[in-house]
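Note sheet for the following structure.
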Amino acid sequence: MARFHAFFLILLAGCGATPPAPSTAARDRAIDDLLEHYDPPGLAVGVIENGRVAYVRTAGERIAGSGMPVDRRTLFKIASNSKAMTAALLARLVEAGRLRWDDPVKRHLPEFRLYDEWVTEHIEVRDLLVHNSGLPEGAGDLMLWPEPNHFTREDIIRGLAFLAPGYGFRSGYAYDNLLYVVAGEVAAAAGAASYEELMRREVFEPLGLDCRVGSWRTDEVANVAQPHVRHDGVNVPVRTDGPVVPAITSAAAGGIRCSLDAMLTWALNWLDPTPAQLAWLSEEQRSELWAARTPMPISARRRAWFDTHYHAYAFGFRLADADGAWTVSHTGTLMGMYSAMTLLPDEKSGFVLMLNGGGGQARAVLNDVLLKQLTAPEQGRTVAWFVEALEREAAVPGGGEGPPDTSARTPVPAGGLLGTGTWRDPWFGEVAICEENGTVRFASAKSPLLTGTVMRLGERYLVDWDDPSVDVEAWLDFSTRGDGSGRLRMAKVDPDADFSFDYEDLDFTRVGGCD
């Protein structure tokens with residue numbers, strides 16, 4: 001990766017010798033402390049030092065209370081860590097001459113269109129992977145999540161044309177998922193096979209990865225971790241798999257599942273590739289994947305905790321310095337599932353971790369402890385240190401107002417809402433707001449989990465979703481357009497909630513009454 005290393009020479013000059021690796025006991029203590037504080041149902045952790053697996057720890061259960069232990073072969077949803085695998089698939093196709101990084105997207109997907117026609121004509125395959133398209137953060141994610149839903153990849157490609165940009169093309173960074181779905185379809189068009197088939201053939205099989213994508217039967221792969229949320233202090237499984245795991249629209253953005261052993265093999269492929277792995281993907285394409293593309297903001301927390309001066313997005317990977325060390329990483333979050341992979345290429349070291357509950361903070365704390373153990377073990381940063389630091393940060397006035405108090409809300413009775421009817425948004429489709437059994441109900445045609453009861457709070461309305469795993473409620477704001485037609489806008493009740501609940505991008509027009 002000489003080209004990228006040159007970029008870091010000044011930044012990393014004078015960093016000194018690599019610090020000594022922590023002991024197994026120190027890592028065990030960190031995981032024990034995390035298990036005690038956050039109580040995740042299960043986890044799997046592996047650490048690599050100098051090109052070899054130096055530490056492995058699994059704990060807990062695939063399903064809380066089941067007695068089925070997590071082990072090295074347990075499949076976890078790796079969520080957005082799938083993006084690096086999608087980028088590697090494209091790199092394989094580039095190497096095979098099936099596409100070029102600077103190909104216009106429309107060369108492979110003639111139906112592709114964005115809101116801006118000029119951008120539509122000029123956006124290239126490489127732009128799909130680096131979060132600089134101009135789409136707002138999380139734009140259109142309601143076509144992907146909550147799952148299951150009825151949106152197809154064709155729906156996503158069609159819906160992109162209606163998502164207004166939030167900033168100029170290639171002028172900034174905003175995380176998006178939809179263009180990774182498009183990237184998967186570019187791969188399918190160039191490779192003359194489905195994204196799922198290509199991923200299995202071009203990535204999983206040659207590297208020997210115990211990973212799954214697409215549809216498969218759970219009786220064939222019984223060792224699968226299920227997602228959990230906390231309810232009344234107890235880990236509760238949510239959205240568990242049935243007999244058949246279906247193929248999902250979001251696969252290229254976050255739909256792959258892997259075991260700990262597979263993720264360690266994947267990490268070693270980047271840290272210390274064998275001759276066979278270098279034959280799988282050349283140094284040239286590996287350098288392409290790890291070249292800095294889009295500058296990313298550096299949080300005050302990261303500056304303070306890791307003395308970070310540089311942060312950028314590459315093709316499916318994040319690049320940064322941490323305590324003077326060059327890191328290549330990514331995280332993944334799906335409902336009740338969390339993953340992280342962090343590599344220190346200059347030391348041929350790194351780690352992977354996966355949890356099936358415990359919350360995003362548990363993943364962040366474990367990630368930071370393991371990283372500190374590699375970059376600055378002399379600082380002695382423990383789980384308790386990071387937990388206390390986060391608690392102090394949250395206690396600072398103005399550090400986030402949090403969600404408003406909605407406890408006084410009451411269900412809207414039949415006849416109590418003037419906005420009943422059928423409403424249509426150009427990319428999300430139709431929703432019905434209609435009376436049912438004495439209340440008013442909200443129901444999405446293509447996203448069945450977005451169904452709930454309309455509530456009133458003072459002069460405002462919100463939706464209380466039926467499914468407790470859909471935990472980001474939405475305001476409903478009714479108005480009238482200039483032509484006299486009804487208009488409905490939505491917004492997150494908690495403004496700091498997950499950006500994938502992009503209610504603010506919806507703009508409904510009333511198109512009919514209730515049946």
Side-chain angles (χ1 to χ4, degrees), residues 1 3-4 82-135 139-140 152-161 163 165 167-203 206 213 249-255 280-295 312-317 319:
M1 313 302 175
R3 180 173 64 171
F4 189 86
S82 305
K83 289 180 169 67
M85 294 186 177
T86 296
L89 169 59
L90 287 169
R92 286 272 291 177
L93 295 172
V94 169
E95 201 157 80
R98 304 300 294 268
L99 59 81
R100 294 167 54 95
W101 289 117
D102 59 0
D103 279 349
V105 174
K106 284 179 68 67
R107 177 173 298 173
H108 301 280
L109 300 175
E111 70 277 22
F112 174 80
R113 186 162 65 91
L114 293 174
Y115 191 89
D116 185 290
E117 285 299 330
W118 189 92
V119 178
T120 298
E121 296 300 321
H122 290 83
I123 190 169
E124 299 172 352
V125 172
R126 68 176 75 245
D127 294 309
L128 300 175
L129 305 180
V130 296
H131 309 300
N132 70 354
S133 68
L135 286 173
T152 65
R153 292 169 189 168
E154 291 76 15
D155 289 330
I156 286 171
I157 292 173
R158 185 195 64 82
L160 279 164
L163 293 169
Y167 61 99
F169 178 47
R170 296 178 181 159
S171 69
Y173 170 86
Y175 195 85
D176 80 76
N177 290 293
L178 295 194
L179 292 185
Y180 265 84
V181 176
V182 175
E185 293 306 280
V186 167
S194 70
Y195 168 81
E196 288 79 3
E197 180 181 342
L198 289 169
M199 182 57 66
R200 288 188 287 264
R201 187 180 77 202
E202 301 293 332
V203 180
V213 69
T249 300
S250 61
W280 170 75
L281 193 66
S282 68
E283 286 281 11
E284 178 185 359
Q285 289 306 318
R286 289 167 184 264
S287 293
E288 286 289 332
L289 291 180
W290 281 7
R293 308 288 177 175
T294 306
Y313 206 89
F315 288 167
F317 295 91
L319 315 174

Minimum side-chain heavy-atom gap Leu90-Leu128 below 4.5 Å = no
Begin with the C-alpha distance, continue with both residues' side-chain angles, and end with the deciding distance and a verdict on side-chain contact (heavy atoms from CB on, under 4.5 Å) for Arg98 and His108.
-> CA-CA 10 Å; Arg98 304 300 294 268; His108 301 280; over 6 Å; no
Which atom pair, heavy atoms only, marks the closest approach of Arg201 to Ala193?
-> NH1-CB, 4.4 Å
Could you verify whether a donor N or O on one side chain and an acceptor N or O on the other, from Thr152 and Glu154, lie under 3.5 Å apart?
-> yes
Taking the inter-plane angle between the rings of Trp101 and Phe315 on a 0 to 90° scale, is it parallel (under 30°), tilted (30 to 60°) or perpendicular (over 60°)?
-> tilted
Val105 and Asp127, any side-chain heavy atoms less than 4.5 Å apart | no
Look only at the side chain of Ser282 and the backbone of Gln285, and say whether a donor-acceptor pair between them is shorter than 3.5 Å.
-> yes
How long is the gap from OH on Tyr175 to OG1 on Thr294, to the nearest 0.5 Å?
-> 12.5 Å
Can Arg153 and Glu196 be counted as an ion pair, charged N to O under 4.0 angstrom?
-> yes
Arg200: partners by side chain to side chain donor-acceptor pair (under 3.5 Å), with sequence neighbours left out | none
side-chain contact (heavy atoms from CB on, under 4.5 Å) between Phe169 and Asp116: does it pass, once the steps are laid out?
-> CA-CA 9 Å; Phe169 178 47; Asp116 185 290; over 6 Å; no
Examine distances only and state if a side-chain atom of Arg92 and a backbone atom of Trp280 form a donor-acceptor pair shorter than 3.5 Å.
-> yes
About how many Å separate CD of Glu202 and CG of Leu89, when rounded to the nearest 0.5 Å?
-> 6.5 Å
Arg126 versus Asp102: any side-chain heavy-atom pair under 4.5 Å?
-> yes
Measure up the Tyr313 and Tyr173 rings against each other and bin them: parallel (under 30°), tilted (30 to 60°), perpendicular (over 60°).
-> tilted
Is there a side-chain contact between Lys83 and Asn177, using heavy atoms and a 4.5 Å cut-off?
-> yes
So, does Glu111 use its side chain to make a donor-acceptor pair with the main chain of Ile157 at under 3.5 Å?
-> no
Can you find a pair of side-chain heavy atoms, one from Arg293 and one from Glu288, that are under 4.5 Å apart?
-> yes
Flag, side chain of Thr120 to backbone of Leu114, donor-acceptor distance under 3.5 Å | yes
Stepwise side-chain contact (heavy atoms from CB on, under 4.5 Å) test for Asp103 and Val186 = CA-CA 10 Å; Asp103 279 349; Val186 167; over 6 Å; no
Set of side chain to side chain donor-acceptor pair (under 3.5 Å) partners for Tyr115, sequence neighbours left out = none
